[in-house]
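One is the number of the first residue; the rest follow in order along the sequence. Excluded from the calculations below are hydrogen atoms, water molecules and symmetry mates; all remaining heavy atoms, backbone and side chain alike, are included.
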Amino acid sequence: MAKRVAGVAALGACVLLGAALGAGTARAVLWVALALSVPLTILAVLATLFLLQPRRNAALSAAVDRLHAAALGDLESPLPPKLMRNMPRLAQSIDELFLKLRGNLESVHRLAMFDTVTGLANRPHFRRSAERMLEDAPEEARAVLFFIDLDRFKAVNDTLGHAVGDVLLGMVANRLRAVGDQCAAFNHGETPLIGRLAGDEFTLFFADLPDPAARERVGEKVLQALSEPFDLAGQQVSIGASVGLALHPDHGLTLHDLMGAADAAMYQAKTQGRGRVETFSDGLAAQMIARARLETELRAAIEHDEFALVFQPQISAKSGVIVGAEALLRWQHPDGTKLPAAFLQRAEETGLIVEIGDWVVATVANTIARWGRLGIEQRLAVNVSQRQIDHASFFRHLRAAMLAAQAPARLLELEISETLAMHCSEDVLRAIAMLRSAGATVAVDDFGTGYSNLARLRRLPIDRVKLDRSVIEHVATNPEARAIAQAVIGLVHGLGCQAVAEGIETEAQATVLRVIGCDILQGYAIGAPMGEADFLAWVQGMTPQRATA
């Protein structure tokens, strides 16, 4: 009898542990561990009862048999009458144990299969279910996958907090369920499979949706549902969504291929202005191939050290003296030099911008250290990307690199775009302020292209504001453009900052900007981006060789 008890304990432990590992989440494993402790305790008590009360062997044997069946997965069958008659209290305890186990296993199932924030199918569950639906569908079926990405969700997280963001995701899920119910008529009465893949990415999968008009209506309903404002924290919040659509078998035979195609179509919807539905096409297929090739080449560029910095001078508008330079990234590609516009967006998408950024940080620190040893006091400005500004650790890493290279912080200037400056976290602002307190300066770049909050601008630890080229483009020929530029310069001065004009292409523009009060000038009319040796020659008053941008 004791051996049978031990065997049941071991078997139960194996079954429950297998369930935990199959669930695949730490929380699920914890649930099973808690559930496992109860039957093991009961089994130990049974063993003790068996040793102390041999006359009740029949009831105990029935209890062990029932526990053995439970360990094999049977938690529903009634308890043996013999056990209930001879040992009612033990029978009641085992019955309560099974009730708890059923509840715990249901929790494990939910954790393993469904997203805890929205209650929708999580990524693994969605993939398994959609793959099974594809396998079971008749050959003539036309399955459709909608890939949905929220357009302005990050701004909600940044401004209202992640807890409110989770509430919003739950509301989005409810609206998608309502859309699914409305569109069941298009799918033989079956509601679509809805999932949350990660973050603000959702999916709708129809096993058979052959009518193009029906597909169009589904997309329209999704856009309409998610464009309506959400009531969050006492205020109306609008986010909207971009949707990509892929068809089986036209755009892929497997779910993996369909998801890649729908994701590419969604990306196209984003680039075309957001708030729209795009269907995968041959043109998008070519773009996917090009993006994959670019990613491969970028990885090789990092490995083979194919990046370089060039430097574009900045001069004082009043004196004409050089006051600094902006470090600009170049990719020395085997087919010719590539400008950042050709590869930075893909680097952002793939996360490779982090490695490229690390290279830029180290190179800038070493460059500033060299300049400091040469007695050059002109500051060096470097752009900070969106991926970098999302992590305060980047700024700590930059500060550490400057210290390691013994580079004077006073020669460093960080350039942050206007849009990023409006949305960076308090943690990032504190990290920037620490660099500034060490002597570095901070500039807001591309000013005039975003939606600035003046109260936030006053709070930002900034020294200079760079007017976007669109603000100064027509100052020499258009009185209205000149008046606007002068007003913006006055606003910058009102914030206690210097105004920097970039993208100056003619001497006429430079002359007007001097007259209306701009402090610093930058552009091809001042000096083209150049290598370090040419820039140092420029600083020392020698004739530089103007480099090709």
Donor-acceptor pairs under 3.5 angstrom involving side-chain atoms of residues 172-182: please list them, not counting sequence neighbours.
{"from": "N174", "atom 1": "OD1", "to": "R177", "atom 2": "NH1", "distance (Å)": "2.7"}
{"from": "N174", "atom 1": "ND2", "to": "G170", "atom 2": "O", "distance (Å)": "3.4"}
{"from": "R175", "atom 1": "NH1", "to": "A225", "atom 2": "O", "distance (Å)": "2.8"}
{"from": "R175", "atom 1": "NH1", "to": "E228", "atom 2": "O", "distance (Å)": "2.8"}
{"from": "R175", "atom 1": "NH2", "to": "P229", "atom 2": "O", "distance (Å)": "2.9"}
{"from": "R177", "atom 1": "NH2", "to": "T118", "atom 2": "O", "distance (Å)": "2.6"}

What donor-acceptor contacts under 3.5 angstrom involve side-chain atoms of residues 254-267, with partners at least two apart or in another chain?
{"from": "T254", "atom 1": "OG1", "to": "D257", "atom 2": "N", "distance (Å)": "3.2"}
{"from": "T254", "atom 1": "OG1", "to": "D257", "atom 2": "OD2", "distance (Å)": "3.2"}
{"from": "Y267", "atom 1": "OH", "to": "Q345", "atom 2": "NE2", "distance (Å)": "2.7"}
{"from": "Y267", "atom 1": "OH", "to": "E349", "atom 2": "OE2", "distance (Å)": "2.6"}

Start with the C-alpha distance between L169 and L150, add both sets of side-chain angles, then the distance that settles side-chain contact (heavy atoms from CB on, under 4.5 Å), and finish with yes or no.
CA-CA 10 Å; L169 291 174; L150 305 182; 4.1 Å; yes
Give the C-alpha distance, both sets of side-chain angles, the deciding distance and a yes or no for side-chain contact (heavy atoms from CB on, under 4.5 Å) between F126 and S129.
CA-CA 5 Å; F126 177 84; S129 299; 6.0 Å; no
Chi angles and distances behind the side-chain contact (heavy atoms from CB on, under 4.5 Å) call for L245, L247
CA-CA 7 Å; L245 184 156; L247 307 174; 3.6 Å; yes
Assess the residue pair L168 and F230 against the criterion (side-chain contact (heavy atoms from CB on, under 4.5 Å)); give the C-alpha distance rounded to whole Å, side-chain angles, the decisive distance to 0.1 Å, and a yes or no.
CA-CA 8 Å; L168 175 58; F230 293 84; 3.5 Å; yes
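For the pair R276 and E220, the salt-bridge criterion is not met [side-chain N within less than 4.0 Å of a carboxylate O]. The existence of a salt bridge linking E415 and K466 is confirmed by a sub-4.0 Å separation between a basic side-chain nitrogen and an acidic carboxylate oxygen. Ion pairing between K270 and E278 fails under the 4.0 Å rule for side-chain N and carboxylate O. Taking the charged nitrogens against the carboxylate oxygens, D463 and R436 do have a contact shorter than 4.0 Å, which makes a salt bridge. With respect to the salt-bridge test (charged N to carboxylate O, under 4.0 angstrom), the residues D250 and R142 qualify. The existence of a salt bridge linking E201 and R196 is excluded, since no basic side-chain nitrogen approaches an acidic carboxylate oxygen closer than 4.0 Å. A salt bridge links R299 with E295; the closest basic N to acidic carboxylate O contact falls under 4.0 Å.
For Q522 and Q312, the side-chain atoms include at least one donor-acceptor pair closer than 3.5 Å. In summary, the side chains of N383 and E326 do present a donor paired with an acceptor at a separation below 3.5 Å, with no hydrogens or angles considered. Between S242 and D149, the side chains place no donor N or O within less than 3.5 Å of an acceptor N or O (distance only, hydrogens not considered). For the residue pair T441 / E413, a side-chain donor-acceptor distance below 3.5 Å is found, with atom types taken as modelled.
Taken to the nearest 0.5 Å, the NE2 atom of H474 stands 9.0 Å off from the CD atom of Q509. Annotation: the span from D115 atom CG to N122 atom CG amounts to 7.0 Å, rounded to 0.5 Å. Annotation: the span from D136 atom CG to E131 atom CD amounts to 12.0 Å, rounded to 0.5 Å. Separation of atoms CD1 (I302) and CD (E297) is listed at 12.5 Å; rounding is to 0.5 Å. For the atom pair OG1 (T279) and CG (L284), the distance works out to 9.0 Å, reported to the nearest 0.5 Å. Going from atom CZ of F146 over to atom CZ of F206 covers 5.5 Å, rounded to the nearest 0.5 Å.
At most 12 non-hydrogen atoms from other residues, nucleotides or ligands lie less than 6.0 angstrom from CD of E480. A 6.0 Å sphere centred on CZ of R152 holds more than 12 heavy atoms belonging to other residues, nucleotides or ligands. Remark: D282 CG is loosely packed, at most 12 non-hydrogen atoms of other residues, nucleotides or ligands lying under 6.0 Å away. Remark: H493 NE2 is packed, more than 12 non-hydrogen atoms of other residues, nucleotides or ligands lying under 6.0 Å away. Remark: M288 CE is packed, more than 12 non-hydrogen atoms of other residues, nucleotides or ligands lying under 6.0 Å away.
With a 4.5 Å cut-off on side-chain heavy atoms, I368 and L412 count as touching. Inter-residue side-chain proximity for T203 and I148 is flagged as unmet; no heavy-atom pair is nearer than 4.5 Å. For the pair M402/V361, no side-chain contact is recorded, criterion being any heavy-atom separation below 4.5 Å from C-beta on.
Evaluation of the side chain to side chain contact (heavy atoms under 4.5 Å, CB included) rule for Q486 yields I516 as partners, not counting sequence neighbours.
R346 places a side-chain N or O within donor-acceptor distance of the main-chain N or O of R291, the cut-off being under 3.5 Å.
With respect to D519, the side chain to side chain contact (heavy atoms under 4.5 Å, CB included) criterion is satisfied by exactly one of Q498, R514, R464: Q498. Just one residue in the list L329, D358, L309 forms a side chain to side chain contact (heavy atoms under 4.5 Å, CB included) with T363, and that residue is L309.
Aromatic ring orientation, W359 versus F307: tilted (interplanar angle from 30° to 60°).
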